[in-house]
Participant: 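Sharing a structure here in structure tokens format.
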Amino acid sequence: MSTALRRTLFLAILILAWEAAYRLIGWPAWKFPSALQTFETLYNGFIDGNLLEATYQSMKRLLTAFVISISVGTVLGFLFARYRWLDETLGFLVVALQTVPSIAWLPFAIIWFGLSDTSVIFITALGATWTMAMASRTGIINIPPIYTKAAQTLGTGTGFRMFFQIMVPASFPHLITGVRVAWAFAWRALVAGELIARGVGLGQNLQAGRDLGDTALILSVVFIIGILGTISDHFCFKKLEERILVRYGLAGVKK
């Protein structure tokens, strides 16, 4: 039995058990919905365009913040690995900031940018930047010195050519791990920010579900986030990681 078939069978059994447990226990829908109610809400939400538009707006904010965090985080990691004094000062601060939940900066974001997309993008980028900075720092520090010495001998220099041609490719295994973790952190920060900010998004739908006591809507949004996270990780980041590991001889080719 293939992996995909096993997963499909497991999900089917899980959904049937969920519906059976709902009917046997007899919980009211406002406490926890049945599988049928949840999938009906999910279907209607996409048919009327509400959940579709919310997903689009959330993904737009997420991707914008993610590109910012990957760019800034990678450059910071390079600087920390390249300059010891910067690593011991600003790098120490970044380690401290990494432990602070990005949602803690939301009051400042609202003061600076108001209840807007910019506030959500700001805290979402913060949620991923520090993680990416530490991952890229680790990846660059672990580059064998022979690589940089050979590149300098061949005339690469020590500036941007060294960074883009040698350091970034050589640190890819660590970078892609940082990207996967940063993606997860960005999702968490995004939903937390959208719970408060104005506009259309998955977080706003969670808030609407809470206000209306619509647990089926809440669970539908949770499903959408989980499905998007699984698809992006499995078909994008995981595939990219496998190719990179094979490219650098760190993993065997899967048949």
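Here, residue 1 is the first one in the sequence, and each next residue gets the next number.
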Participant: Begin from the C-alpha positions of I225 and V221 and carry the test side-chain contact (heavy atoms from CB on, under 4.5 Å) through to its verdict.
Facilitator: CA-CA 6 Å; I225 295 172; V221 174; 4.0 Å; yes
Participant: First locate atom CG of L62, then atom CD of E194, and finally report the distance between them rounded to the nearest 0.5 Å.
Facilitator: 9.0 Å
Participant: Let's go through L219 and F32 carefully: what are the C-alpha distance in whole Å and the side-chain angles of both, what is the deciding distance for side-chain contact (heavy atoms from CB on, under 4.5 Å) to 0.1 Å, and is it a yes or a no?
Facilitator: CA-CA 9 Å; L219 205 53; F32 199 82; 4.0 Å; yes
Participant: Nearest 0.5 Å, please: how far is CD1 in I218 from CD in Q207?
Facilitator: 9.0 Å
Participant: Using 0.5 Å steps for rounding, measure from the CD1 atom of I103 to the CG atom of L190.
Facilitator: 10.0 Å
Participant: Any side-chain heavy-atom pair from I140 and L175 closer than 4.5 angstrom?
Facilitator: no
Participant: Any link between V100 and L126 through a network of hydrophobic side chains (Ile, Leu, Val, Met, Phe, Trp, Tyr) touching at under 4.5 Å?
Facilitator: yes
Participant: Determine whether F108 and V72 fall in the same hydrophobic cluster, where Ile, Leu, Val, Met, Phe, Trp and Tyr are linked whenever their side-chain heavy atoms lie under 4.5 Å apart.
Facilitator: yes
Participant: Taking all non-hydrogen atoms of both residues into account, name the closest pair between T124 and V120 and its distance.
Facilitator: OG1-O, 2.6 Å
Participant: What verdict does the side-chain contact (heavy atoms from CB on, under 4.5 Å) test give for F78 and V75, after you've listed the backbone C-alpha separation in whole Å, the side-chain angles of each residue and the deciding distance to 0.1 Å?
Facilitator: CA-CA 5 Å; F78 166 75; V75 172; 5.6 Å; no
Participant: Of the non-hydrogen atoms in V94 and M134, which two are nearest, and what is the gap between them?
Facilitator: CG1-CE, 3.7 Å
Participant: Go through the steps for L202 and R61 under the test side-chain contact (heavy atoms from CB on, under 4.5 Å), then give the verdict.
Facilitator: CA-CA 11 Å; L202 294 174; R61 298 184 188 107; over 6 Å; no
Participant: CG of L93 to CD of E88: how many Å apart, nearest 0.5 Å?
Facilitator: 14.0 Å
Participant: Can you tell me how far apart CD1 (I25) and OG (S34) are? Round to the nearest 0.5 Å.
Facilitator: 12.5 Å
Participant: Testing the basics here: between A125 and A65, what is the closest heavy-atom pair and its distance to 0.1 Å?
Facilitator: N-CB, 3.7 Å
Participant: Identify every side-chain donor-acceptor pair in residues 179-188 under 3.5 Å, counting partners at least two apart or on other chains, and give the distances.
Facilitator:
| residue | atom | partner | partner atom | Å |
| --- | --- | --- | --- | --- |
| R180 | NE | D233 | OD1 | 2.9 |
| R180 | NH1 | E241 | OE1 | 2.3 |
| R180 | NH2 | D233 | OD1 | 3.2 |
| R180 | NH2 | D233 | OD2 | 2.9 |
| W183 | NE1 | S232 | OG | 2.9 |

Participant: State the CG-CD distance between L52 and Q57, to the nearest 0.5 angstrom.
Facilitator: 10.5 Å
Participant: Is there a continuous path of hydrophobic side-chain contacts, each under 4.5 Å between heavy atoms, that joins V200 to L51?
Facilitator: no
Participant: Identify, with sequence neighbours excluded, every residue that meets side chain to side chain donor-acceptor pair (under 3.5 Å) alongside N50.
Facilitator: N205
Participant: Kindly say whether A216 contributes a backbone atom to a donor-acceptor pair with the side chain of Q37 at under 3.5 angstrom?
Facilitator: no
Participant: Report yes or no: does S58 contribute a side-chain atom to a donor-acceptor pair with the main-chain N or O of T55 at less than 3.5 Å?
Facilitator: no
Participant: If you take all heavy atoms of G178 and A135, which pair is closest and at what distance?
Facilitator: CA-CB, 3.5 Å
Participant: Counting N and O atoms only, with roles assigned by atom type, does the side chain of S136 sit under 3.5 Å from a partner on the main chain of G73, one being a donor and the other an acceptor?
Facilitator: yes
Participant: Are V191 and F223 linked, directly or through other ILVMFWY residues, by side chains that come within less than 4.5 angstrom of each other?
Facilitator: yes
Participant: Starting from L76, can I reach L97 by hopping between I/L/V/M/F/W/Y residues whose side chains sit under 4.5 Å apart?
Facilitator: yes
Participant: Which atom names give the shortest non-hydrogen contact between A133 and F80, and what distance separates them?
Facilitator: CB-CE1, 4.4 Å
Participant: Just grab all the ring pair (Phe, Tyr, Trp, His ring centres under 6.0 Å) pairs involving residues 114-133, residues at least two apart or on different chains.
Facilitator: W112-F122, F113-F122
